[in-house]
Each structure stands twice: as C-alpha cells, then as structure tokens.
Amino acid sequence: MNYPVWQLEFLGGGFLIAVIAIIHVYIAQFAVGGGLFLVLTEHLAYRRNDQGILDFVRKHTKFFLLLTMVAGALTGVGIWFTISVLNPSATSTLIHTFVFAFGTEWTFFVAEIVSLFIYYYTFDRLTKRNHLTIGWIYFGAAWMSLFVINGIIDFMLTPGAWVENNNFWSGFFNPTFWPALFFRTFFSVIIAGLFGFMTSSFLKDEELRTTMLRYSAKWLLVPFVLFLASSWWYRAALPPHIEVIIFQKMPQLRPFITLFLVCSGLIILGGLVMAIRMPSGLSRTMAAVMLVIGLMYFGAFEFLREGGRRPYIIYDYMYSNAILKNDLDSVAEAGILNTAKWVEHRHVTPANVQAAGRELFDVLCLSCHSIGGPLNDISRQVRMSSPEELNLIFATMGWERPYMPPFAGNEFEKQILINYLNTTIRR
C-alpha cells in the first residue's frame with residue numbers, strides 16, 4: 001500500500017519470487033552439505049591413501065566453487081531485487097527487525113568465500129591437516145549462515161510471540177526454528193549426494209566412478225530417515241491453523257503434497273539404482289534426472305511452506321497485499337483509494353471507473369494473482385464463476401476462504417473491483 005506496484009500481470013509476484021528462490025535455495029543448501037561432502041571425502045582419500053579419490057575431490061571442488069559462488073551469488077542478488085520490488089513492505093520489516101542477523105550472516109558468507117578459495121587453491125600446498133582445517137572452517141561458516149537465515153525465513157511462517165512483543169529473539173527462535181534447521185541440514189546432505197552423482201558420473205576410470213557413485217548414494221540414503229523424521233517434526237511444530245490451511249483448506253497445494261511424497265520414494269529408489277555399476281552414459285543421465293527430482297522435491301516443500309503463510313506474507317502480522325492486520329479495520333473504513341499512497345484515481349467517476357478497478361486489483365490482488373499466468377490465474381477463476389458466485393467469493397474472503405485476505409476496501413470499492421473483473425478480466 002505504501003509503495004508503487006510492479007505490474008507483473010502474466011507471472012504475478014509470487015511466481016517470479018518462487019522460481020528464483022527455489023533455484024537459489026537449492027544451490028545454497030548444496031553450499032552447506034557440499035562443504036561437508038568435500039572435507040569428509042578428502043578424509044576418506046587420506047585414510048585409504050587413494051590418489052584417485054583426492055583428484056576427484058579437487059575436481060569436485062572446482063565445480064562446487066563455480067556453482068555456489070557464481071550461480072548462487074547471482075540468484076541471491078536476484079532474490080533481494082525481486083522481493084524489494086514485489087514485497088517492499090515485508091522486506092522493510094525483515095531488514096528493520098533482523099538487521100543484526102543479516103549482518104551476522106553476511107560475515108559468515110564472507111568467511112565462506114575466503115575459506116573456499118583458500119581450500120581450492122591450496123591443494124598440495126598446505127599440509128593435510130591444515131588443508132582439512134580450512135575445509136572444516138568453510139563448512140562451519142556455511143552451516144552458521146544456514147543457522148541465521150533459517151531463523152529469518154521461518155519467522156515469516158511462524159513469528160510466534162514477536163507479533164505481540166516485537167522482540168528480536170522471539171522472532172528469530174520462532175516455533176519452527178529448530179525443526180526447520182534440522183530439516184534443512186539433512187536436506188543439505190542429501191543435495192550433496194545428488195551433486196556428487198553428477199561429478200562422479202563423469203569420471204573416466206570405471207572402478208573409481210563406481211566407487212564414488214556408491215559413496216554419493218550413501219549421502220542420500222543414510223540421512224534420509226532423519227530427514228523424514230525432521231519433516232514430521234516440522235509439521236508437528238506448525239500451529240494448528242497453519243496445518244489446516246496446508247493440508248485441508250487449500251486444494252491448490254494438494255499437487256505439491258503429492259509431489260513431495262512421490263519424490264521421497266524416487267530419491268530412495270534413485271539412490272539404490274545409482275549404487276549399481278552402470279555404463280558412464282547411463283549414470284550421467286540418471287545423475288541429471290536425480291538432480292531434477294531433488295529440485296522438484298525441494299520446490300514442493302517451498303510451495304507448501306509458502307502456502308502455509310496464506311493469507312499473510314508475515315503470518316498474523318502483514319497480509320500478502322502488504323496491509324497490516326491491525327490496520328485492516330481503519331483501511332476498510334477510509335477506503336483503499338483514499339489510503340494507498342500510490343493511487344491516481346481517488347475520486348471515482350464514470351469515466352475512470354475501469355482504471356480505478358484496475359488500481360484496486362493491483363493493490364489488493366496482484367501480489368498473489370496473475371492475469372493469464374501459470375500461477376493463481378485470476379482470469380481463469382473469474383471465467384469459472386458467475387457474477388453472483390464472484391460476489392460470494394468476496395463476501396467470504398478471510399472466513400470460508402481463510403487463504404485469502406479479507407477484502408480491505410469499503411463496499412463501494414468492492415463493487416468497483418467486481419465490476420472490473422466481470423467486464424475486463426472475464427473477456
């Protein structure tokens with residue numbers, strides 16, 4: 001309401017953030033689990049006195065560095081850009097609440113960068129002990145970065161007592177902090193195994209390739225039980241009303257629940273298949289397929305977590321359209337067109353009624369809905385609903401449809417918006 005709206009009609013705000021965030025977080029989780037993979041595999045090479053495994057670690061480190069430091073950094077900047085223009089109010093709240101935490105995370109991130117470059121460029125230059133120490137420093141900094149960001153991310157889903165006391169620690173150590181931390185840690189280990197498949201499949205020595213593929217399979221299979229246990233712990237830690245939203249009230253999330261369950265079985269099956277001696281071409285294909293399954297797996301989880309926040313962007317505090325829960329009544333009394341700062345048509349006339357309806361749609365709906373896009377297409381919903389049904393939807397938003405914010409305008413503005421949907425979007 002207090003910022004101009006970026007009119008992404010086809011994609012909608014949620015879709016663009018979701019795509020960039022899923023890719024970035026997938027790489028960021030690899031940056032954590034992959035660091036542990038590097039140092040433990042180097043330990044394995046020294047313990048077996050196997051130069052082939054050590055050479056694999058060196059090559060895997062180069063791939064790891066390029067992916068996490070280049071693609072990871074670019075998508076990280078992309079996240080900050082998209083959330084700052086699509087949800088500036090929520091971004092401002094996060095920065096003002098967690099500025100100390102962000103500063104701490106960036107410090108750990110700098111430590112990650114420095115230690116990873118030292119680790120890569122000092123193979124055969126440092127003693128075994130010192131080189132391993134650098135590897136452990138990298139992993140420690142990466143995991144601490146996850147520790148900090150986990151508190152901020154899950155604050156948006158379960159802010160807990162912060163809503164009442166605005167206390168930093170209440171928001172950071174929120175009700176889902178610990179299960180989410182274990183969930184993300186175990187998933188980071190699984191992702192390390194998935195990327196291990198990819199680099200192992202390109203090894204020319206058949207015996208070494210088989211050894212490393214089987215080794216990488218252990219990174220999927222060994223932590224998987226703990227990963228599933230942490231996911232159930234995560235679900236149990238959700239407040240009952242959020243669990244109801246995810247598993248009962250939002251039919252749009254059912255495909256993602258199914259996808260998460262299906263991918264669980266595929267991860268196990270794929271790990272077992274990759275442990276079998278296969279020709280190099282087939283192992284590369286399987287490694288690529290497993291990476292895609294892992295991305296879908298994590299994407300399904302992220303969509304479920306994001307869906308659980310509905311109708312809020314910060315749960316129980318700020319609605320997805322950036323209206324504060326405590327301001328809803330005063331905004332409804334004054335009207336959106338009189339309250340929103342970046343609105344042109346404050347006085348509605350027959351000449352500008354369509355333009356005013358579009359402004360109401362932009363302020364209230366565009367943060368979640370697209371127009372003809374792949375996610376939450378408002379035009380499809382309007383065409384499926386009669387004008388009477390559309391009126392009923394607006395009357396039950398926030399109540400029978402708890403995943404949608406209550407309509408924040410007055411009755412006059414409601415009719416203007418419904419008229420806009422019926423005359424313009426329905427075409």
Side-chain angles (χ1 to χ4, degrees), residues 1 5 7-15 18 241-258 303-304 306-313 315 318-323 325 328-329 331-337 339-340 343 345 348-350 352-427:
M1 283 234 314
V5 176
Q7 293 180 327
L8 289 174
E9 292 184 1
F10 178 73
L11 291 177
F15 183 81
H241 46 281
I242 294 181
E243 187 175 1
V244 168
I245 286 286
I246 295 174
F247 295 99
Q248 298 180 31
K249 294 294 186 178
M250 287 191 68
Q252 307 97 310
L253 294 181
R254 288 171 190 162
F256 297 105
I257 296 173
T258 301
F303 268 100
L304 291 174
E306 291 293 312
R309 289 207 311 247
R310 302 284 181 83
Y312 299 95
I313 187 67
Y315 200 86
M318 180 185 293
Y319 288 110
S320 54
N321 51 27
I323 297 175
K325 180 182 178 181
L328 185 65
D329 291 340
V331 170
E333 183 178 351
I336 292 292
L337 297 177
T339 307
V343 167
H345 303 96
V348 182
T349 67
N352 69 12
V353 64
Q354 289 298 317
R358 176 55 198 254
E359 285 191 313
L360 287 169
F361 176 82
D362 289 347
V363 172
L364 297 176
C365 311
L366 199 56
S367 58
C368 291
H369 289 280
S370 66
I371 301 178
L375 191 65
N376 293 334
D377 178 15
I378 191 69
S379 58
R380 180 173 179 271
Q381 180 63 55
V382 170
R383 293 188 188 104
M384 289 173 56
S385 307
S386 67
E388 294 76 18
E389 290 172 330
L390 201 58
N391 274 280
L392 180 62
I393 289 174
F394 274 85
T396 56
M397 286 166 50
W399 307 107
E400 292 184 20
R401 292 171 173 80
Y403 47 86
M404 299 179 70
F407 184 77
N410 54 40
E411 186 62 30
F412 178 59
E413 291 172 331
K414 182 189 295 185
Q415 296 309 314
I416 292 174
L417 178 53
I418 292 175
N419 175 71
Y420 170 76
L421 295 175
N422 279 322
T423 57
T424 303
I425 302 298
R426 191 182 291 276
R427 292 177 183 174

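Closest heavy-atom contact between A395 and K414: CA-NZ, 4.4 Å. Between H241 and Y315, the closest heavy-atom pair is CD2-OH, 2.8 Å. Nearest approach of Q248 to R254, heavy atoms of both residues: O-NH2, 3.7 Å. Nearest heavy atom pair, residue I246 against residue G308, reads CG1-CA, 3.4 Å. Across all their heavy atoms, R358 and Y420 have their closest contact at CD-OH, 2.9 Å. Annotation for N410 and A334: closest pair ND2-O, 4.5 Å, computed over non-hydrogen atoms.
Around the CD atom of Q252, the shell of radius 6.0 Å holds more than 12 heavy atoms that belong to other residues, nucleotides or ligands. The neighbour count for R401 CZ, taken as heavy atoms of other residues, nucleotides or ligands under 6.0 Å away, is above 12.
At least one donor-acceptor pair under 3.5 Å links the side chain of T396 to the backbone N or O of I393. A donor-acceptor pair is defined here as one N or O able to donate and one able to accept, closer than 3.5 Å; such a pair exists between the side chain of D377 and the backbone of G372. Looking at S385, its side chain never comes within 3.5 Å of a backbone N or O of L390 through a donor-acceptor pair. A distance-only check finds a donor-acceptor pair linking the side chain of E413 to the backbone of L337 [under 3.5 Å].
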Would you check, one step at a time, whether the test side chain to side chain contact (heavy atoms under 4.5 Å, CB included) holds for L304 with I257?
CA-CA 7 Å; L304 291 174; I257 296 173; 3.5 Å; yes

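Once rounded to the nearest 0.5 Å, the distance linking CG of L253 with CZ of F303 reads 9.5 Å. The distance from atom CD1 of I336 to atom CG of D362, rounded to the nearest 0.5 Å, is 12.5 Å.
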